[in-house]
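This report concerns only the one structure given below.
In what follows, chains carry the letters A, B, and so on, assigned in the order in which the sequence lines appear, proteins first and then strands, with residues in each chain numbered from 1.
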Number of protein chains: 2
Amino acid sequence: MARPSRFREPDVLTRAMLVFWQHGFAGTSVRHLEQATGLTASSLYNRFDSKEALFASVLDHYIVKVVQWRIDRYLRADDALAGLRRFFDSTYDYISEQRPPMACLLANTALEKSASDHAVRAQLDRGLALLEDAFADCLQRAVQAGQLRADCDCRRWARHLLLCLQGVLVDSTIHPDHARLSELVDGVMAALPLQQH
Amino acid sequence: MARPSRFREPDVLTRAMLVFWQHGFAGTSVRHLEQATGLTASSLYNRFDSKEALFASVLDHYIVKVVQWRIDRYLRADDALAGLRRFFDSTYDYISEQRPPMACLLANTALEKSASDHAVRAQLDRGLALLEDAFADCLQRAVQAGQLRADCDCRRWARHLLLCLQGVLVDSTIHPDHARLSELVDGVMAALPLQQH
DNA sequence: TTCATTTTGTAGCGATCGTTACAAAATGGA
DNA sequence: TCCATTTTGTAACGATCGCTACAAAATGAA
């Protein structure tokens with residue numbers, strides 16, 4: 001057959017992901033990607049058609065490895081509300097571990113890339129729909145567990161949580177302060193239609 | 001004296017602002033700025049030291065001409081809650097007038113520029129503090145008018161509103177749909193500690 | 001009218017951008 | 001062993017990047 005590749009594709013995508021995540025699409029050069037992945041440009045272009053195509057693959061990778069992973073890890077916990085809280089906490093836990101905070105590749109891309117880039121837009125839609133559905137499921141379980149009021153409109157509250165999540169992510173890059181962010185999330189959780197005991 | 005300038009500085013800043021707002025800092029070239037302002041690069045560099053310095057001036061311009069203007073226009077209305085609602089509405093009204101939606105230059109910059117760029121960070125802080133204070137004042141007036149409960153912690157709710165605003169702005173670029181955004185703002189307003197009648 | 005001063009337009013600087021041509025290197029199959 | 005196939009490293013392509021040198025143009029002061 002052919003000469004074997006020196007790198008596994010998931011590793012390349014993960015390393016490229018971190019660069020795009022931190023510096024954005026326009027702010028990331030192919031030279032930078034070469035350095036981060038350890039591949040030369042010719043190898044990168046051999047696997048991916050262009051910087052744009054690599055970015056599309058990275059976006060898919062992010063949705064599975066970061067978004068879906070966090071959904072599975074937190075939003076499927078037995079205690080739905082506690083899981084939701086931990087999901088938000090983990091968001092800025094993750095951020096404050098990094099230097100500097102990088103928010104969320106989906107939100108970054110939403111604000112950076114042109115709205116006329118329909119392929120990227122569709123990927124963002126998919127990633128955020130994943131989150132919205134996971135929020136809705138989580139809230140539904142909280143209703144069934146008697147944590148939230150029975151008349152809670154889970155779909156609408158899921159959209160509200162998605163909105164708050166994006167707000168937390170933007171805020172975390174401006175005020176990377178754990179206490180402040182935790183207080184903000186307190187407010188988000190308290191706004192939910194909690195079941196009164 | 002000297003040869004007079006063909007352009008007024010505020011006009012130049014406004015035009016440059018629209019370009020940075022839409023395409024980001026890295027995504028905006030000096031050629032693009034020349035075209036948008038009608039000035040040549042030599043004229044731009046004669047007034048501003050660098051692209052970075054021009055961006056800093058543009059950010060100041062944005063804080064005064066867009067942020068402060070909207071605060072004065074909406075958040076100082078006699079009916080504090082109605083003004084607050086109109087402030088949020090105006091945010092995505094403004095967005096849907098544009099092709100494509102451009103969110104907010106402060107949020108865009110927060111997610112794009114490096115956290116180590118302390119000068120830009122300080123400007124973002126200033127702009128967002130302006131908004132937070134205006135929200136707090138607005139809520140305080142709503143409390144005094146009996147629209148919100150007397151025990152409302154206006155400062156915390158102001159931060160919450162700032163969070164929701166950023167969320168709305170991100171969402172508006174992904175789903176530039178007026179009805180959906182209006183429903184989201186319904187949720188934000190309903191979450192406030194309204195005085196029960 | 002001459003001069004000092006600032007803005008303007010032209011033209012292009014070196015550096016970096018995304019991308020590619022090409023041949024050497026590394027494999028399994030024949 | 002030789003071949004077909006794919007990856008790799010080297011080197012560089014034309015285009016564009018942020019930026020600037022330089023002189024002509026346009027003003028008020030002397």
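Here the P atom of nucleotide D:dG18 and the CG atom of B:Leu54 are 11 Å apart, to the nearest Å. Between the OH atom of B:Tyr45 and the P atom of D:dC17 there is a distance of 11 Å, rounded to whole Å. A:Arg47 has its CZ atom 11 Å from the P atom of D:dG9, to the nearest Å. Here D:dC19 presents its C1' atom at 14 Å from CD of B:Glu52, a figure rounded to the nearest Å. Per the geometry, CG belonging to B:Asp49 stands 13 Å off C1' belonging to D:dT20, to the nearest Å. Residue A:Glu34 contributes atom CD, which lies 11 Å from atom C1' of D:dT10 at whole-angstrom precision. Between the CG atom of A:Leu44 and the P atom of C:dG18 there is a distance of 12 Å, given to the nearest Å. Rounding to whole angstrom units, CG of residue A:Asn46 and C1' of C:dA25 are separated by 14 Å.
Between A:Arg85 and the options A:Asp186, A:Asp93, A:Asp79, a salt bridge (Lys or Arg N to Asp or Glu O under 4.0 Å) holds for only A:Asp186. If you run side chain to side chain contact (heavy atoms under 4.5 Å, CB included) between A:Cys104 and each of A:Leu169, A:Val170, A:Thr109, only A:Leu169 comes through.
Distance from the side chain of B:Arg6 is smallest to C:dG9 among D:dC17, C:dG9, C:dT20. For B:Ser42, the listed nucleotide lying nearest its side chain is C:dG9; candidates were C:dG9, C:dG18, C:dA26. Picking from D:dG18, C:dT8, C:dT19 the nucleotide with the shortest atom distance to the side chain of B:Lys51 gives D:dG18.
The two residues B:Thr173 and A:Ala110 make their nearest non-hydrogen contact at OG1-O, 3.5 Å.
The side chain of B:Ser5 places an N or O atom within less than 4.0 Å of a non-bridging phosphate oxygen (OP1 or OP2) of C:dT8. The phosphate of C:dT8 has neither OP1 nor OP2 within less than 4.0 Å of any side-chain N or O from B:Thr40.
Counted by atom type alone, B:Asp60 and B:Gln123 present one or more donor-acceptor pairs between their side chains at under 3.5 Å.
A ring-centre distance under 6.0 Å is not found for A:Phe48 and A:Phe55.
Annotation: of the two residues near DNA chain D, A:Ser43 and A:Arg31, the 5′-most nearest-nucleotide partner is A:Ser43. Judged by closest nucleotide on DNA chain D, B:Ala41 is the one of B:Pro4 and B:Ala41 placed further toward the 5' end.
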